[in-house]
Each structure stands twice: as C-alpha cells, then as structure tokens.
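Reading through the structure tokens given below for one structure.
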Amino acid sequence: MSKLYHIDLWLQLLFVNFYVLSGQFSISSPPLSLWFFSENRAILTAESNLEVLYMRTLFKGGTVITGRGPKRADVLVEGEKVRQVGRLILTPADRTVDVEGCLLFPGFIDAHTHFDLDVCNTTTADDFTTGSRAALKGGTTTVIDFACPNKGESLQYGLDLWHKKADGRTFCDYGFHMTIDDWNESIRAELPEMFRQGVSSFKMYMTYPAMMVGDRDMYWALKELRHLGGICGVHCENAGVIDGMIAEKKAAGLLGPSSHPETRPPYLEAESVSRLLRIAQAADCPVVIVHLTNEEALKEVEHARKRGQKVYVETCPQYLLLDESVYYAPDYSQAARYICAPPIREKANQEVLWRGLRRGEIQTISTDHCSFTLAQKDAGREDFTKIPGGLPGVETRGELIYSYGVAAKKLSLAQMCRVLSENPAKLYGLYPRKGVLAPGSDADIVIYDPGDSHVIRAEDCVASVDYNPYEGFVTAGGIREVWLRGRKTVENGKVLDTAVIYPTAPQNRVREAMELIERLIRKHHVDIISLGNGTASRESEQIIADFLRRSRLPVQYVIVNEAGASVYSASQLATEEFPGLDVGQRSAVSMARRLQDPLA
C-alpha cells in the first residue's frame, strides 16, 4: 500500500502544520471559512520549532467533555493536534500533565466580538491584542470578529482594514464575519470574492441608521447569500419606532440611562425578529438571530421553525445573568456601564433563555464583547443616546456559564460544550478541527478545575477596561490552564509569555518550508500526496504543485476539491475514489456538499 501524506493550505503532514502563505487556512465543514492564525510557524528551520511541533503531551486523569457528555479519558497531543483520546494510552509522551479531578473542554469559540471598532465617536477599549489576551484567559481560543466597512466603502476595503487591525497583533486564533451595511450592484458583485477569500458569514442590522439596510435590500442580500452558500446573522430591533420613542424621551427631558431600555422594549425586538424571519422565508435563506434577549422574540423563532425555516439563535451572558434594574442605579456611572443593545431585560426572561439553551432552541452563547472604559461611557452623561453601547465579556464567559449554568443545574456539561464550542464550530465552518477533542482536531484545551472558586473582580482581569459587569460574582471553580494548539498559554489565571504573536510568514521564506517538506518526504518514502484545493487556495496549490514538479520527487498527488480536508478524510476519499492509490492527478468529490445542516 502506498503511503499518503496530506498537504493542505497549512501544509499538513502527519498532524504537523506548516503555515506558508500568509498564515491562511480553510475548513471543509460548511459554510467554507478562511481563518488567520496568530501563530504562523511557516519557517521551521530552527530545531526548537521542530521540537514544539513533534512534542507529545499526555493529559492524564481528567474528564473529557464532548457534545455527547463527559467521559473519563486521557488525551495525547502530538504537536498541535490531538492524537488519541482514551483510558489506556500507551504511546510514550515527552511530558505529562496531571489533570486529575479536572474537566477538559475543547477550546471555547466566541463568534461575536468587536475589537478595535470605531463607533459612537470613540474606539472600543480592547483592540485585538488586549481582547485576544482576555479571550485566552477566559478559555476562548478562537474569536470571530466583524469586519465593518462604512456605507460607501467596499467589502474588500473593510476586510483589508480588519486584517491590518488583527494580523500580527492577536494572541488567539481568529476569523472574520463581514458586515453588509449597504446594498448595491457593486456590493453584490464583491460577494463571490469574499467567499474566495474565505468569508462566508455576514451580518446585517435592522437598527442604527449608519449600518442598517431596508427590508428590500435585506431580501436581495439574503437571496444572494443563499445562492452562494453563506449565512447571515442579524441584529433585530425596530429602528423606526425606537427613534420615535427616543425623540419623545428627549422632548420630556428624560436623558438618563434608564431611558435606554424604555426606548428599546422587548416587543420591538420581537417584531423585528418576526419581520426578519418572514423576509428570510421569502428569500429561502437560513439566518442567525444574534444576541436574542427575551421570550417574545424566542416565540417568533419557534413559529418560523414550525414553518420549516432554518433559524439559529445566539444569546449572551448578560441576558442570562443580569436584569434591567442595573439601568436604574442612582449613580450615573453605575447605570451607564451596562448600556448595550438590545438592552438587558426583566429578570423573568433569564429562565426562558436558560430553558431555550437546555432544549436546544438556542444554539450558541457568545459575548458581543464591545468594551469601553468608564470615561468613555461618561460621554452620555447629558444624553443617554451618546453613551457608547457594549460590555466586556470574553474574559469571564466560560466560568460564568459553568458556575451559573452547569453548577446551578441549568445546563449539563454536554450542553455547555455544545453552546460554547461545538455548535459555533459547526455553524461557522470550523468543525471538527475546532469544537471537539478528538483525534485530528486542534489541541485547543481548557482545563477547568471545579474546586478553584474565586470572586470576579475587575482588578484581576486583563481586558483593557476599568470595570467588570459581573463584579462580585462568585464562580464555582475556575479555569486552571488553557492550551492553544498544543502550547500552554494560560496557567492559574495568568496569560503566559508563551502566548506569543508570531509574525506572518513572508513569501521569501516559503522556499525554506518547501525544502523542509522535501526532506520529510524523502525520509518517510512518501509516494502520494493529498493536496487541499479550496476556493482560497489557488496560489497555494500552484506553489506546491510547481515545487513538486521542480523537485522531481517520486510522488503523485490527488486534488481534493474542498479546502481544509483532514488527514483522515483525505485518506478516506483517496481510498474510496482511487483504490490502491495508483493514480496521478485526479479530482475528488466535495465532502461539504453532503452536509445540509451544519448543526445536524
């Protein structure tokens, strides 16, 4: 039998990653997504780098949490990948981590953050550097931020701008959604290029005049996204009525923070959810309701699902744990710090949301992390509409959901794993590379110690803000360690120096990586290579193919027509399509098209 290696966008050989083209890689699980890693170890000329990539780490004595439930198991990591999960792992390891009594979650994914965002005449307090450090401390190993071009700007401009904000400055893994705040022929024509560059999830607003699109344009945009195979999250609030209510409050001289929730009532969110879902029904397009807050809005989702629509729902910790009384604090600063949209609701909605999570009616918990300092919040002291809206949350989400969900018996461990890891990975094209601890997945591991309880205090946080919305909350346990692709980045609540930013690999170093690959191919007598050929990998494919021809290596290669196929799936496809692996260049079938519902 021939020996097959798999080279994808990140040139994956025997679970060893070689990032050679701008740190880009893709995932084959739909919708197709392109990700930009902070640790681009394309240049593997130093022995120390090789040692890191080949090192075996055994996590021994813990309980592995999956979307199906907990199981006592050890985890063997080789380099950046999980190699084995089981009770009796006999493979020798270079180091052993004692995790007796601890829970091992796959790295959490926050699919809703706003780092380095210019809004409300200011910029969020957390940029990609401070925000990603806070994310790691909270067990979040991957964030998906929003590229936000302004009206009149191209999608490409927005994507390029967000790369400038994030590339080379981010400590965790990250990707982008694209905001559509304008709709015209030029924007429509750009969408295929966004998909080619790996952006397949989008966002639209039904409020905020500078960002919202009308019903007609939303219908047209959703139809186009359906045609391209994308998905869209939508901020649902009724802009027109909200603007009318705001005008009435101002006319009455009611300019304090308490007017914020009173001008954005839950039924206007529900109305907007209902309208969006009817528009999505007309466009025959699945949608995501982001940061859903209340029972009335969730009922509209239930109605749509009964009609046969695919609707995914996200909520946030602030809606599960806080109530609208925070807006009525007598001190301005105490109230203003909680301004966000949609606003925090009446307490009765909390149990509705927890129940929705238990029943699978709500698929993900993100944070909508959009942080501002108290000084920035002070800008609206004379006018509540000038208070920049948003809360920090990426640093505390995991511990809060365990403490007030799992420990309070409102969620099971499996449900927590699904809403923080597995479901967002599936929904946004990361699964099974992310969202699960299984052979071949990234070694993103959160080690949770149920006995390490503590009090949440702003002074202990690394986010670039001077308050925490959950100040004084007592956790049931805490995050002991966080590992990002086989590298320990957090220990005992501290972000380690090993959590470093590696510069993107320049093109003039690709040759060095290729020469290393050549040595490995010759050493292991490889005679067939599976080459990932995703929509974003044409340059990679050409470089690798040219290299193979020039090197005159005794290898053949199969092109898999989907980016990011795993070693296992590439081998399986090649075996199914080409028995004996005795063929040259062929084209295999796309696996992604077999999957109709990413959460099925």
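Everything numeric in this text was worked out from a predicted model, so none of it was measured.
Side chains of Q376 and T122: a donor-acceptor N/O pair is present below 3.5 angstrom, by distance only. Side chain to side chain, D181 and T179 fail the donor-acceptor criterion of an N or O pair below 3.5 Å. Side-chain N/O atoms of H114 and T124 include no donor and acceptor closer than 3.5 Å.
The backbone N or O of Q156 sits less than 3.5 Å from a side-chain atom of E190, completing a donor-acceptor pair. In this structure, the side chain of E395 does not engage the main chain of P392 through any donor-acceptor pair within 3.5 Å.
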**Asked** Between V301 and R305, is a side chain to side chain contact (heavy atoms under 4.5 Å, CB included) present by the stated rule, with each step listed?
**Response** CA-CA 6 Å; V301 173; R305 287 173 174 160; 3.5 Å; yes

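For the salt bridge (Lys or Arg N to Asp or Glu O under 4.0 Å) condition, the pairs that include at least one residue of residues 334-346, sequence neighbours left out, are E269-R345. Applying the ring pair (Phe, Tyr, Trp, His ring centres under 6.0 Å) test to every pair with at least one member in residues 247-281, sequence neighbours left out, gives these pairs: H260-Y327. The side-chain hydrogen bond (donor to acceptor under 3.5 Å, both in side chains) contacts involving residues 234-243 comprise H235-E237, H235-H291, E237-R264, N238-E271, where partners must be two or more places apart or lie in separate chains. Sorted by first and then second residue, the salt bridge (Lys or Arg N to Asp or Glu O under 4.0 Å) pairs with a member in residues 145-159 form an empty list; sequence neighbours excluded. Pairs engaging residues 378-399 under the ring pair (Phe, Tyr, Trp, His ring centres under 6.0 Å) rule: none recorded [sequence neighbours left out]. Among residues at least two apart or in separate chains, salt bridge (Lys or Arg N to Asp or Glu O under 4.0 Å) pairs with a member in residues 366-381 are D378-R381.
Residues passing the ring-ring contact (aromatic ring centres under 6.0 Å, His included) test with F372, sequence neighbours excluded: none. Looking at residues two or more places apart in sequence or on another chain, you find no salt bridge (Lys or Arg N to Asp or Glu O under 4.0 Å) involving E324. Listed by chain and residue number, nothing satisfies the ring-ring contact (aromatic ring centres under 6.0 Å, His included) test with Y219 (two or more places apart in sequence, or in another chain). Checked against side chain to side chain contact (heavy atoms under 4.5 Å, CB included), V446 has the following partners two or more places apart in sequence or in another chain: F105, F108, I479. For S274, the side chain to side chain contact (heavy atoms under 4.5 Å, CB included) partners at least two apart in sequence or on another chain are E300.
Y338 approaches I344 most closely through the heavy-atom pair O-CD1, 4.1 Å. Scanning all heavy atoms of the two residues, the minimum distance from I180 to V213 falls at O-CG1, 3.9 Å. The two residues P342 and Y319 have their closest heavy-atom pair at O-OH, 2.6 Å.
Around atom OH of Y157, no more than 12 heavy atoms belonging to other residues, nucleotides or ligands sit under 6.0 Å away.
Look at K165 and D127 and you find no salt bridge, because none of the NZ, NE, NH1 or NH2 atoms lies under 4.0 Å from a carboxylate O. Taking 4.0 Å as the cut-off between side-chain N and carboxylate O, K434 and D173 count as a salt-bridged pair. A salt bridge between E193 and R196 is present, with a side-chain N of the basic residue lying under 4.0 Å from a carboxylate O of the acidic one.
Relative to the ring axis of F128, R169 does not place its NZ or CZ within 45° and under 6.0 Å from the centre.
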Taking distance alone, no hydrogens or angles, what donor-acceptor pairs closer than 3.5 Å link side-chain atoms of residues 202-211 to residues at least two apart or in another chain?
unit_1, atom_1, unit_2, atom_2, d
K203, NZ, Y205, OH, 3.1

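A side chain to side chain contact (heavy atoms under 4.5 Å, CB included) with P149 is found for exactly one of D182, L155, D160, namely L155. The side chain to side chain contact (heavy atoms under 4.5 Å, CB included) test with I365 is passed by exactly one of I401, D110, N423: I401.
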